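Presented below is the structure to which this report refers.
Hydrogens, waters and symmetry mates play no part in the numbers below; they use all other heavy atoms, side chains included. Just so we're clear, the structure is a prediction, and the values are computed from it rather than from any experiment. Residue indices begin at 1 and follow the sequence shown.
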Amino acid sequence: MASSRVDLDGNPIKPITICMIGAGGFIGSHLCEKLMSETPHKVLALDVYNDKIKHLLEPDTLPWAGRIQFHRLNIKHDSRLEGLIKIADLTINLAAICTPADYNTRPLDTIYSNFIDALPVVKYCSENNKRLIHFSTCEVYGKTIGSFLPKDSPLRQDPAYYVLKEDESPCIFGSIEKQRWSYACAKQLIERLIYAEGAENDLEFTIVRPFNWIGPRMDFIPGIDGPSEGVPRVLACFSNNLLRREPLKLVDGGQSQRTFVYIKDAIEAVLLMIENPARANGHIFNVGNPNNEVTVRQLAEMMTQVYSKVSEEAPLEKPTIDVSSKEFYGEGYDDSDKRIPDMTIINRQLGWNPKTSLWDLLESTLTYQHRTYAEAIKKAIAKPVAS
Ligand SMILES: NC(=O)c1ccc[n+]([C@@H]2O[C@H](COP(=O)([O-])OP(=O)(O)OC[C@H]3O[C@@H](n4cnc5c(N)ncnc54)[C@H](O)[C@@H]3O)[C@@H](O)[C@H]2O)c1
Ligand SMILES: O=C(O)[C@H]1O[C@H](OP(=O)(O)OP(=O)(O)OC[C@H]2O[C@@H](n3ccc(=O)[nH]c3=O)[C@H](O)[C@@H]2O)[C@H](O)[C@@H](O)[C@@H]1O
């Protein structure tokens, strides 16, 4: 299999070693699966946790055994980091605090995680002439220009006022006391540092801006495989509500819009970046699905319909309730109004387009959620509350 694979320009793809930081997370676990099952590459998987990739690490009779090594380490303070970057050909950095509930409640941890802790990774790659693929976020665009127009302005329908383009769109955040933007601003500054390392020291880099990638293994279900008071991202929040037959909570009425892309489509884009360095180096890429746009309210309605089909349980009479962001997230919350990725650059450089509709990706994801959690939730609900 290794010999027959060629890149987009017809050149044979030679096996490489990848140092993947944050490999134990949602995206990392899907990327490791793809690399192990479809490529000859080796992965040094660095993370503090490995429960989402355990199925790839054992037993040692797996066909890819020996091609993936787990290294339990925290990049904040581990002397092994530089050595692992040096023995790899490419470093992919996924490590981050990236759940919005943390940004306004743990702003210092958020800024340290998304900027300060990434500094040594960029430094070691630059000093050792190693290629870097760094995961940023679509949140660096913040709010659209259109969101500042009068509510009834027809210009709000003009794509020039909302389509987000890597090499043209500004980064528009709320004021400093809106600490939600601690994450996006830290991501923006690390992007600018990487870009400067490229301009001044020839660092070969690619920056990825994911637009709401969703699928199995995203975050956790509170009280089952994560803290019961934890607040994960919306897919896990709504899945938790559906599993527990509770109304889905719509923050500030669920009017914000998002585009969701299936994790398996997005991983295809990342593999193209890995195996086509000449086409990916020096670029920032939006990776999203502009065809899957919904308001959060529409997402809740669709997930309710899909879950009812998957679980064969009738939906609640009142499937949603509105909550204020202050109540749900606390002080300092703010939001992106709309996230439509411009696809010009990724189409031109990598020829990538997403394939999976929102309904289909929700059907496979909620099937996974129901199969994985329904029993455990039933037990948790049945257990008498400790008196
Ligand atoms: N999932 C998305 O849709 C999305 C969207 C935008 C941006 N991103 C970015 O993509 C990256 C991965 O996101 P994800 O959804 O897989 O999140 P995730 O939280 O599932 O994965 C992040 C992983 O990094 C690890 N990590 C964090 N700090 C670490 C440290 N100091 N040392 C070692 N490991 C550490 C965590 O243990 C976790 O396994 C993040 O940088 C995130 O900002 C993701
Ligand atoms: O995934 C992404 O592309 C990026 O955006 C996410 O930010 P956001 O989309 O706001 O994260 P969610 O927690 O998934 O919230 C999405 C929307 O649903 C709303 N929401 C969330 C949870 C809930 O129970 N109810 C609810 O209405 C939020 O207020 C927000 O408007 C996270 O910041 C990162 O994963 C990443 O940077």
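Using a 4.5 Å cut-off on side-chain heavy atoms (C-beta onward), Val48 and Leu73 make no contact. You'll find the side chain of Ile27 reaches within 4.5 Å of the side chain of Ile267, heavy atoms only. Put simply, the side chain of Leu299 reaches to within 4.5 Å of the side chain of Leu362, judged on heavy atoms. Two residues are said to be in side-chain contact when any heavy atoms from C-beta on lie closer than 4.5 Å; Val234 and Phe260 meet this criterion.
With values rounded to the nearest 0.5 angstrom, Ser336 atom OG is found 5.0 Å from Arg258 atom CZ. A distance of 8.5 Å separates SG in Cys138 from CG in Asn286, rounded to the nearest 0.5 Å. To the nearest 0.5 Å, atoms CG (Leu250) and CD (Gln298) are separated by 11.0 Å.
A salt bridge links Asp9 and Arg279; the closest N-O separation between the charged side-chain nitrogens and carboxylate oxygens is under 4.0 Å. A salt bridge between Asp167 and Lys165 is present, with a side-chain N of the basic residue lying under 4.0 Å from a carboxylate O of the acidic one. Residues Lys52 and Glu33 are not paired through a salt bridge, judged by the lack of any N-O separation under 4.0 Å between the basic side chain and the carboxylate. Under 4.0 Å is where a charged nitrogen must lie from a carboxylate oxygen, and between Lys187 and Glu139 no such pair does. Residues Lys14 and Glu275 are not paired through a salt bridge, judged by the lack of any N-O separation under 4.0 Å between the basic side chain and the carboxylate. Using a cut-off of 4.0 Å between Lys/Arg side-chain N and Asp/Glu carboxylate O, Arg180 and Asp335 are scored as salt-bridged.
With sequence neighbours excluded, the residues forming a side-chain contact (heavy atoms from CB on, under 4.5 Å) with Pro232 are Asp219, Phe220, Pro222, Ala236, Cys237, listed by chain and number. Partners of Tyr373 according to the ring pair (Phe, Tyr, Trp, His ring centres under 6.0 Å) rule, which considers only residues two or more places apart in sequence or in another chain, do not exist here. Partners of Phe148 by ring pair (Phe, Tyr, Trp, His ring centres under 6.0 Å), not counting sequence neighbours: none found.
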Under the side chain to side chain contact (heavy atoms under 4.5 Å, CB included) criterion, do Tyr368 and Arg217 qualify, and how do the steps go?
CA-CA 9 Å; Tyr368 168 86; Arg217 298 198 295 266; 3.5 Å; yes
CA sep, side-chain torsions, deciding dist, call: Ile92, Leu132, side chain to side chain contact (heavy atoms under 4.5 Å, CB included)
CA-CA 6 Å; Ile92 299 178; Leu132 170 65; over 6 Å; no
Could you walk me through whether Asn128 and Glu82 pass the side chain to side chain contact (heavy atoms under 4.5 Å, CB included) test, one step at a time?
CA-CA 9 Å; Asn128 295 287; Glu82 183 171 14; 3.4 Å; yes
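With a 6.0 Å radius and a threshold of 12 heavy atoms from other residues, nucleotides or ligands, Lys76 has its NZ atom above the threshold. By the 6.0 Å contact criterion, OH on Tyr112 is open, its count of non-hydrogen atoms from other residues, nucleotides or ligands being 12 or less. Heavy atoms from other residues, nucleotides or ligands lying under 6.0 Å from NZ of Lys42 number 12 at most. Within 6.0 Å of the CZ atom in Arg72, the count of heavy atoms belonging to other residues, nucleotides or ligands exceeds 12.
No side-chain donor-acceptor contact under 3.5 Å links Thr295 and Gln255. Tyr141 and Arg209 form a side-chain donor-acceptor contact under 3.5 Å, judged by distance and modelled atom types alone. Donor-acceptor pairing under 3.5 Å is recorded for the side chains of Asp252 and Ser325. Between the side chains of Glu293 and Thr259, no donor-acceptor pair of N or O atoms lies under 3.5 Å. Thr344 and Asn347 form no side-chain donor-acceptor contact under 3.5 Å, judged by distance and modelled atom types alone. Asp337 and Ser256 are not linked by any side-chain donor-acceptor pair at a separation below 3.5 angstrom, with hydrogens and angles left out of the test.
By the 30° and 60° cut-offs, the orientation of the rings of Tyr329 relative to Tyr333 is parallel.
A side chain to side chain donor-acceptor pair (under 3.5 Å) with Asp334 is found for one member of Gln179, Lys178, Lys143 and no other, namely Lys143.
Annotation: ring-ring contact (aromatic ring centres under 6.0 Å, His included) contacts involving residues 165-196, sequence neighbours excluded, comprise Tyr103-Tyr183, Phe173-Trp181, Tyr195-Phe205. Under the salt bridge (charged side-chain N to carboxylate O under 4.0 Å, His left out) criterion, the residue pairs touching residues 262-273 are Lys34-Glu268, with sequence neighbours excluded. Residue pairs meeting the ring-ring contact (aromatic ring centres under 6.0 Å, His included) criterion with at least one member in residues 279-321, sequence neighbours excluded: His283-Phe285, Tyr307-His370.
Here the closest non-hydrogen pair linking Pro315 and Thr304 is CB-CG2, 3.6 Å.
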